[in-house]
Undergrad: 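Quick one: the structure is below, and I'll ask about it shortly.
Residue numbering restarts at 1 for every chain, and letters A, B, ... go by the order of the sequence lines.
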2 protein chains.
Amino acid sequence: MTATVGRVDKFEERRRELADAALQTLSELGYARTSLREIAQHTSFSHGVLHYYFRDKVELITYCVRRYKAVCVLRYDEVIAAARTGEELSTGFAAAMAGTLVVDARMHRLWYDLRSQSLFEPAFRDDVREIDAILEDMITRVVGRYAELVDGVPVLPSSAAYAGFDGLFQQALLRHLSGVETAPAQLRVDVERFLALVTA
Amino acid sequence: MTATVGRVDKFEERRRELADAALQTLSELGYARTSLREIAQHTSFSHGVLHYYFRDKVELITYCVRRYKAVCVLRYDEVIAAARTGEELSTGFAAAMAGTLVVDARMHRLWYDLRSQSLFEPAFRDDVREIDAILEDMITRVVGRYAELVDGVPVLPSSAAYAGFDGLFQQALLRHLSGVETAPAQLRVDVERFLALVTA
DNA sequence: AGGACATCTGGACGAGTGTCAAGAATTGTC
DNA sequence: GACAATTCTTGACACTCGTCCAGATGTCCT
């Protein structure tokens with residue numbers, strides 16, 4: 001029994017390891033240019049092992065998307081919990097977004113790439129939608145807590161608020177990866193202003 | 001002379017014809033799954049002719065993106081010119097967005113796909129940025145005119161306003177292509193509310 | 001009509017793809 | 001240490017890809 005569990009764990013652990021290498025490769029090359037052999041070269045294994053752990057490429061990518069989800073919501077909750085005033089929350093949240101914009105730029109561009117793929121490939125849709133829901137929840141918590149702190153109420157449905165922040169972030173990412181050095185600072189300003197705007 | 005001009009025109013016309021077929025193919029399959037042979041099958045020519053009119057695939061795709069730009073800003077200006085009250089402009093603009101969301105869904109998903117590609121492929125960046133600028137201008141005109149009509153002023157920089165509308169549209173497109181039938185109606189409501197929000 | 005040029009065809013090429021399977025290497029168990 | 005199961009490597013397969021080119025076809029001018 002324990003031996004079997006141990007094997008399953010080992011199996012799952014290797015799947016995660018391979019998926020992480022795949023995520024790294026995808027974030028460097030993008031979905032359209034990422035091959036299984038290229039992924040394998042980011043590991044210490046040969047390309048054949050990918051088909052031992054994943055049935056086909058779609059299953060691997062799907063697994064990657066799900067795994068990305070587990071990592072993507074970086075600790076905004078700490079910012080929420082730590083903030084004692086509305087302004088603290090606003091600047092903290094904006095700074096966190098501007099920070100991940102730069103630090104995790106390649107992962108974020110992969111997210112937008114894969115989300116676009118889901119517009120064509122139904123196999124990715126459910127997982128993409130789930131990640132969007134998780135991100136929307138995060139925005140909902142931020143806006144809700146901010147409204148609490150400033151004695152206001154959210155004036156937009158949370159789906160619209162999330163769409164707004166997402167749009168701001170995406171434009172900032174485009175600018176940042178185009179070499180516009182003011183991109184993080186501008187995002188910070190925009191996020192703070194937008195957060196105030198959606199609360200009244 | 002006139003003969004030369006005629007030839008140039010014919011050459012350019014064929015380029016446009018091929019690029020339109022390429023756009024159709026891209027909007028059906030997405031960038032990652034579109035090959036030159038598949039594009040040629042959407043025309044009455046064989047695949048070799050593509051290399052007679054375009055040096056390589058990147059030049060063809062780039063030309064497509066530029067061509068898309070010429071079509072993308074559907075006549076929102078008519079809505080702007082026709083509206084006599086703020087409410088008219090708001091409902092007209094929202095209805096126009098909801099309309100193109102459904103009618104041109106495949107073209108819109110291509111736009112988001114190519115914009116994501118530009119996050120990885122520098123060759124597309126300039127053209128993508130130019131299209132984004134055109135779209136931002138359009139949003140700026142809508143918001144500006146709306147503010148005029150309701151005796152208010154835009155409260156967000158136009159880049160942030162555009163990012164917001166773009167985010168709303170993108171989420172609506174995801175829902176619409178996932179089969180959510182209320183997507184256009186929800187977009188209409190969200191756009192109207194957001195337009196009022198960014199004007200004070 | 002005939003020649004000159006533009007346009008198009010269809011096949012070939014080398015490289016790269018996802019997939020698979022036979023066997024080597026490793027690991028765990030008695 | 002020997003046997004069995006798991007794990008990994010390697011090479012092959014049938015494709016598809018972008019690119020190129022020799023030659024067929026079309027077009028236009030004199």
Undergrad: Within the structure shown, what part of the strands sits under 4.0 Å from A/Thr43 by heavy-atom distance: base, sugar-phosphate, or nothing?
TA: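 A/Thr43: no heavy atom of the nucleic acid under 4.0 Å.
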Undergrad: Looking across every strand, which nucleic acid part, if any, lies under 4.0 Å from B/Tyr52 by heavy atom: base, sugar-phosphate, or nothing?
TA: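 Here B/Tyr52 touches the bases of the nucleic acid.
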Undergrad: Using a 3.5 Å limit on both distances, find every run of at least three consecutive Watson-Crick or G-U pairs that involves DNA chain C.
TA: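 Detected stem regions: C:1-30 with D:1-30.
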Undergrad: Describe the nucleic acid contact of A/Phe54 in one word from base, sugar-phosphate, nothing, applying a heavy-atom distance below 4.0 Å.
TA: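 If one applies the 4.0 Å heavy-atom cut-off, A/Phe54 turns out to touch nothing in the nucleic acid.
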Undergrad: With no hydrogens and no angle check, is any side-chain donor or acceptor of B/Thr34 less than 3.5 Å from a backbone partner on B/Gly30?
TA: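 Yes.
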Undergrad: Please check this pair: side chain of A/Thr43 against backbone of A/Ile39, looking for a donor-acceptor N/O pair closer than 3.5 Å.
TA: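 It does not hold such a pair.
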Undergrad: Short of 4.0 Å, heavy atom to strand atom, which residues of residues 15-29 of chain A count as contacting DNA chain C?
TA: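 Listed by number, there are none.
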Undergrad: Tell me, please, which residues at least two apart from A/Glu148 pass side chain to side chain contact (heavy atoms under 4.5 Å, CB included).
TA: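 Counting only residues at least two positions away or on another chain, A/Glu148 forms a side chain to side chain contact (heavy atoms under 4.5 Å, CB included) with A/Arg145.
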Undergrad: Grab the CG-P distance between B/Leu50 and C/dG11 for me, whole Å please.
TA: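 It works out to 17 Å between those atoms.
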Undergrad: For the rings on B/Phe165 and B/Phe93, is their centre-to-centre separation under 6.0 Å?
TA: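 Centroid separation for B/Phe165 and B/Phe93: below 6.0 Å.
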Undergrad: Whether A/Lys57 engages the ring of A/Tyr31 as a cation-pi pair (distance to the six-membered ring centre under 6.0 angstrom, angle to the ring normal within 45°) should be assessed.
TA: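 Positive - A/Lys57 is close enough to the ring of A/Tyr31 and near enough to its axis.
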Undergrad: Is a salt bridge present between A/Arg84 and A/Glu88, judged by a nitrogen-to-oxygen distance below 4.0 Å?
TA: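 Salt bridge: no.
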Undergrad: Give, ordered by number, those residues of residues 116-125 of chain B having at least one heavy-atom distance below 4.0 Å to an atom of DNA chain D; if nothing qualifies, reply none.
TA: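 Contacting residues: none.
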Undergrad: Tell me, for nucleotides 14-25 of chain D in 5' to 3' order, what letter each nucleotide earns: B for a base near a protein heavy atom under 4.0 Å, S for only sugar-phosphate near one, - for neither?
TA: ---BBB------
Undergrad: Could you check whether the rings of B/Tyr52 and B/Phe11 sit parallel, tilted or perpendicular, using 30° and 60° as the cut-offs?
TA: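 Geometry flag for B/Phe11 against B/Tyr52: perpendicular rings.
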Undergrad: Can a donor-acceptor pair be found, under 3.5 Å and without considering hydrogens, that links the side chain of A/Asp137 to the backbone of A/Thr140?
TA: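 Not confirmed, A/Asp137 side chain does not pair with A/Thr140 backbone.
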Undergrad: A/Tyr53 has an atom OH; how far is it from atom P of C/dT19, in whole Å?
TA: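 Whole-Å distance recorded here is 18 Å.
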Undergrad: To the nearest Å, give me how far apart CD (B/Glu13) and P (C/dT7) are.
TA: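 Going from CD in B/Glu13 over to P in C/dT7 covers 12 Å.
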Undergrad: How close do B/Leu119 and A/Arg109 get, counting heavy atoms only, and between which atoms?
TA: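 Answer, listing the atom of B/Leu119 first, then A/Arg109: O-NH1, 2.8 Å.
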Undergrad: To check you understand the geometry: which heavy-atom pair defines the closest contact between B/Leu29 and B/Glu38, and what is its length?
TA: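 Nearest heavy atoms, B/Leu29 then B/Glu38: CD1-CG, 3.5 Å.
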Undergrad: When the ring planes of B/His108 and B/Phe169 are compared, do they come out parallel, tilted or perpendicular, using 30° and 60° as the limits?
TA: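 Plane angle over 60°, so perpendicular.
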Undergrad: Among all residues two or more places apart in sequence or in another chain, which pass the side chain to side chain contact (heavy atoms under 4.5 Å, CB included) test with A/Asp126?
TA: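 Once residues adjacent in sequence are excluded, A/Asp126 has no partner under the side chain to side chain contact (heavy atoms under 4.5 Å, CB included) criterion.
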Undergrad: Separation of A/Leu60 atom CG from C/dT17 atom C1', in whole Å?
TA: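 In whole Å, C/dT17 C1' lies 15 Å from A/Leu60 CG.
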Undergrad: Decide yes or no on salt bridge (charged side-chain N to carboxylate O under 4.0 Å, His left out) for A/Arg15 and A/Glu12, but give the supporting numbers first.
TA: CA-CA 5 Å; A/Arg15 272 168 75 95; A/Glu12 261 309 300; 3.2 Å; yes
